[in-house]
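A short write-up of the structure that comes next.
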Amino acid sequence: MQSISKGVLLGYYSIPVLPVFASTSSRAEMLKLTAYPFARSFLRTSVNPSLRPNSIPFPSLSLGDRLLVFRRRLMSSFPASSVQSPFMAGGEVGSLDRGSVAMAYEEALNCLSSLITRRTRADGTNNGDEFDLLFDYLKMLELDESLSQLKVIHVAGTKGKGSTCTFTESILRNCGLRTGLFTSPHLIDVRERFRLDGVDICEEKFLAYFWWCWERLQEKTNDDVPMPTYFRFLALLAFKIFTAEQVDVAILEVGLGGKFDATNVVETPIVCGISSLGYDHMEILGNTLGEIAGEKAGIFKRGVPAYTVPQPDEAMSVLKDKASQLNISLQIVSPLNIELLKGQQLGLHGEHQNINAGLAVALSSTWLKKTRHAEGMNLDETACLPEQFVRGLAMTTLQGRAQIVPDPLLQIQNESLSKGGLVFYLDGAHSPESLETCATWFSHVVKEDSQQSDSFREQTARNDNHQSGSLEEQMEEQTARKILLFNCMSVRDPQLLLPPLINTCARNGVYFHKALFVPNHSVFNKVGSHATPPTDPQHVDLSWQSTLQRAWENLTSDKRVGNLKVSQEIRRADLSNTRDTMNSSVFPSLQLAIKWLRESAQLNRSTRFQVLVTGSLHLVGDVLRLLKK
């Protein structure tokens, strides 16, 4: 006997739980469930081809007729002697046809893509893009009451808010709590935005929750209250997932700004925080740090503790004023003292992460105290951290932030590339301040990498009796080449983004031998695992990449970027179909740039190619997707 999971049905649909027996009467009871959106999700993923969407002419049938077809085909799909629920115990999906799941998932992403608009995001000039509509959507989804019960940690900021949220989630998960984490953007798969207990939500649960929300909103929205836009739908979906899954704590990262962000529909968070502020999205948030800080401070709520990190004076003044108006105390958190980790390292790399980790510790401690989950932990002791906190901080992972990925293809093809090879250093920095931080991290890790490999290269050169020339000449041949792989959105100013990157690296003695500029692989108005732009060089608009290249050439014309010998050496790989200069190239696609890098590494086996990928989280995600293939 199999019974339909209580957690699944109650969480997704709020309908009675009915055990599924082999008897006809029990099967009939189960078939009543097909009147709910559950039917759509199950039919999309059924192992029976006759239940798949393309086998039923939905547009030509009325709702009643379609339900009748659903019931008949679902009835015929089960053997008379044995009926199994499509959902197994604990809310997990049973044996499903992966092809059907993939098809259903792609269809859901197509629907999600239809919500993407090119309108300016919510700001004060358009009344927050009718921010109050969010409360209508909550009522349509019957989430208004359950959302008020969700114990939320709300985080805004320009830099580090994603890292802060991820640190916080890891700490609280290691305290034994069931966690929900909502972040943006995603790098490869939209499910990355919704994490349950530290893991991306599975496709089957995503589909069930997605269609649950989609069907209700499609049915209830109209000309006065249209379908929510892309990010708003994702936020509403997160609220549904976290309330249905009954998480103990929900950590919400603001998408953009704060005051009019979709996550700010949460009226009573437990605690909120603001990470480091800087210049970003100025066309929406304002041209000064004060204006930007005012938008971020929009998440402050009366009676809700607020924390921030050290900020520029202009920004801090505004944050304090906003807090004072709400009669709340704004606490300023110092960077984490690394000695508190008892010899361990933060899971996210870079000195700047000490700032984010310090804020995460403060948010976690306050949440635990306010929700009475702090038993057995001495959270008032400043000289040490609870073991759960140390473990959580050390185990934190986050793709695309200070991430180092050796090229898996070259590793597989040639294990002897240990002294050379191709390594990608990925960081989604996209503001002047974050690019400076990125440059500091990159300079540090490539120097560290060089120091670790110096002894190996020297020993190899001494023992290689087949090579001629001096030891110094051989060591010169066995060296590293720094390559920049860059793109950014056209609304950003390369004259503001590139100088902090170039100058910070130069101050640390790190110089790029070549810069590669590419269009993003992903499509901004399409959410899907297989969506790609045209790769034919004749059909790709590279005007923006050419603008970036000119900015790079102007900024580096009087600086040491490389030398003629190096440039000639790495030009051996094919550079056709590119706009090439000695120090930079524009590629019509990311795939071609990766291909060129791999060919260069193969042609120069004693050279280690260290590629910094930055300027855009979309670019970082595209590189990760290609490397995984």
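- Around atom CG of Asn378, more than 12 heavy atoms belonging to other residues, nucleotides or ligands sit under 6.0 Å away.
- A 6.0 Å sphere centred on CE of Met377 holds more than 12 heavy atoms belonging to other residues, nucleotides or ligands.
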Take Val247 and Lys151 through the test side chain to side chain contact (heavy atoms under 4.5 Å, CB included) and record every step on the way to the result.
-> CA-CA 9 Å; Val247 299; Lys151 295 179 173 59; over 6 Å; no
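- Using a 4.0 Å cut-off between a side-chain N of Lys or Arg and a carboxylate O of Asp or Glu, Asp380 and Lys369 qualify as a salt bridge.
- More than 12 heavy-atom neighbours from other residues, nucleotides or ligands sit within 6.0 angstrom of NZ on Lys159.
- Counting only N and O atoms by type, the side chains of Ser434 and Ser431 include a donor and acceptor under 3.5 Å apart.
- The distance from the OG1 atom of Thr268 to the CD atom of Gln149 is 8.0 Å, given to the nearest 0.5 Å.
- Contact annotation: the side chain of Asp407 never approaches that of Val423 to less than 4.5 Å [non-hydrogen atoms, C-beta and beyond].
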Mind running ring pair (Phe, Tyr, Trp, His ring centres under 6.0 Å) on Phe233 and Phe210 for me, showing each step along the way?
-> CA-CA 9 Å; Phe233 181 90; Phe210 178 90; 5.2 Å; yes
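- A salt bridge links Arg625 with Asp622: the distance from a Lys NZ or Arg NE/NH1/NH2 to an Asp or Glu carboxylate oxygen falls below 4.0 Å.
- Between Leu497 and Leu501 there is no side-chain heavy-atom pair separated by less than 4.5 Å.
- With Glu291 contributing its side chain and Thr288 its backbone, the two residues share a donor-acceptor pair below 3.5 Å.
- A cation-pi arrangement, defined by a distance under 6.0 Å to the six-membered ring centre and an angle within 45 degrees of its axis, is present between Lys240 and Trp212.
- Without hydrogens or angle criteria, Asp248 side chain to Arg178 main chain gives a donor-acceptor distance under 3.5 Å.
- Taking CD of Gln388 as the start and CG of Asn174 as the end, the distance is 8.0 Å to the nearest 0.5 Å.
- Within 6.0 Å of NE2 in His444 there are 12 or fewer heavy atoms belonging to other residues, nucleotides or ligands.
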Run the side chain to side chain contact (heavy atoms under 4.5 Å, CB included) check on Cys505 and Tyr511 step by step: do they pass?
-> CA-CA 6 Å; Cys505 284; Tyr511 302 91; over 6 Å; no
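- Side-chain atoms of Gln353 do not come within 3.5 Å of backbone N or O of Leu346 as any donor-acceptor pair.
- A donor-acceptor contact closer than 3.5 angstrom is absent between the side chains of Ser616 and His618.
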Ring pair (Phe, Tyr, Trp, His ring centres under 6.0 Å) assessment of Phe239 paired with Tyr137 | CA-CA 11 Å; Phe239 300 150; Tyr137 299 138; over 10 Å; no
Side chain to side chain contact (heavy atoms under 4.5 Å, CB included) evaluation trace for Lys482 with Val510 = CA-CA 8 Å; Lys482 281 75 175 174; Val510 172; 4.1 Å; yes
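- Side-chain contact, Glu314 with Ser317: no donor N or O sits under 3.5 Å from an acceptor N or O.
- Looking only at atom types and distance, the side chain of Glu204 has no donor-acceptor partner in the side chain of Tyr209 under 3.5 Å away.
- With a 4.5 Å cut-off on side-chain heavy atoms, Ile483 and Gln610 do not count as touching.
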Residues Gln331, Ser329; criterion side-chain hydrogen bond (donor to acceptor under 3.5 Å, both in side chains); working and verdict = CA-CA 6 Å; Gln331 301 294 320; Ser329 175; 2.8 Å; yes
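- Rounded to the nearest 0.5 angstrom, Ile171 CD1 and Met395 CE are separated by 12.5 Å.
- In this structure a side-chain-to-backbone donor-acceptor pair under 3.5 Å is present from Asn264 to Gly298.
- Ile116 has its side chain out of reach of Thr229: every pair of non-hydrogen atoms, C-beta onward, lies at least 4.5 Å apart.
- Between Cys438 atom SG and Tyr425 atom OH the span is 12.5 Å, to the nearest 0.5 Å.
- By the 4.5 Å heavy-atom criterion applied to side chains, Leu348 and Phe167 are counted as neighbours.
- With contacts defined as side-chain heavy-atom distances shorter than 4.5 Å, the pair Leu590/Asn520 does not qualify.
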Criterion side chain to side chain contact (heavy atoms under 4.5 Å, CB included) on Lys161 and Asn356, from CA distance to verdict | CA-CA 8 Å; Lys161 62 182 185 294; Asn356 303 323; over 6 Å; no
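- By the 30° and 60° cut-offs, the orientation of the rings of Phe512 relative to Trp552 is perpendicular.
- Proximity of a side-chain donor or acceptor of Glu448 to a complementary backbone N or O of Val445 within less than 3.5 Å is not detected.
- With rounding to the nearest 0.5 angstrom, the CD1 atom of Ile270 is 8.5 Å from the CD1 atom of Ile153.
- A heavy-atom distance below 4.5 Å is found between the side chains of Ile274 and Gln311.
- A salt bridge does not link Asp144 to Lys139: none of the charged side-chain nitrogens sits closer than 4.0 Å to a carboxylate oxygen.
- Taking CG from Leu548 and CG from Leu516, the interatomic distance works out to 12.5 Å, rounded to the nearest 0.5 Å.
- In this structure, the side chain of Glu433 does not engage the main chain of Leu277 through any donor-acceptor pair within 3.5 Å.
- Between Val613 and Phe486 there is no side-chain heavy-atom pair separated by less than 4.5 Å.
- Here the side chain of Glu192 pairs a donor or acceptor atom with the backbone of Leu187 at under 3.5 angstrom.
- Using a 3.5 Å distance cut-off with no hydrogens or angles, the side chains of Glu351 and Asn354 do not pair a donor with an acceptor.
- Under the 4.0 Å criterion applied to side-chain N and carboxylate O atoms, Arg401 and Asp427 are not assigned as salt-bridge partners.
- Residues Val152 and Leu252 come closest through the heavy atom pair CG1-CD1, 3.7 Å.
- In this structure, the side chain of Arg193 does not engage the main chain of Ser184 through any donor-acceptor pair within 3.5 Å.
- Arg195 places no side-chain N or O within 3.5 Å of a backbone atom of Glu169 that could act as its donor or acceptor partner.
- Of all heavy-atom pairs between Phe231 and Gly255, the closest is CZ-CA, 3.6 Å.
- The minimum heavy-atom distance between Gly621 and Ile188, with the atom names listed, is O-CG1, 3.8 Å.
- Here the closest heavy-atom approach between residue His154 and residue Pro269 is recorded as CB-CB, 4.4 Å.
- If you check the side chains of Thr366 and Tyr307, you find a donor sitting under 3.5 Å from an acceptor.
- Annotation for Gly258 and Ile299: closest pair CA-CG2, 3.8 Å, computed over non-hydrogen atoms.
- Crowding of Lys370 atom NZ: a count of heavy atoms from other residues, nucleotides or ligands under 6.0 Å exceeding 12.
- Environment of CD in Gln344: crowded, with over 12 heavy atoms of neighbouring residues, nucleotides or ligands closer than 6.0 Å.
- Of the possible donor and acceptor atoms, one in the side chain of Ser443 sits under 3.5 Å from a partner among the backbone N and O of Ala439.
- Contact record, Pro310 with Ile332: N-CG2, 4.0 Å, taken as the closest heavy-atom pair.
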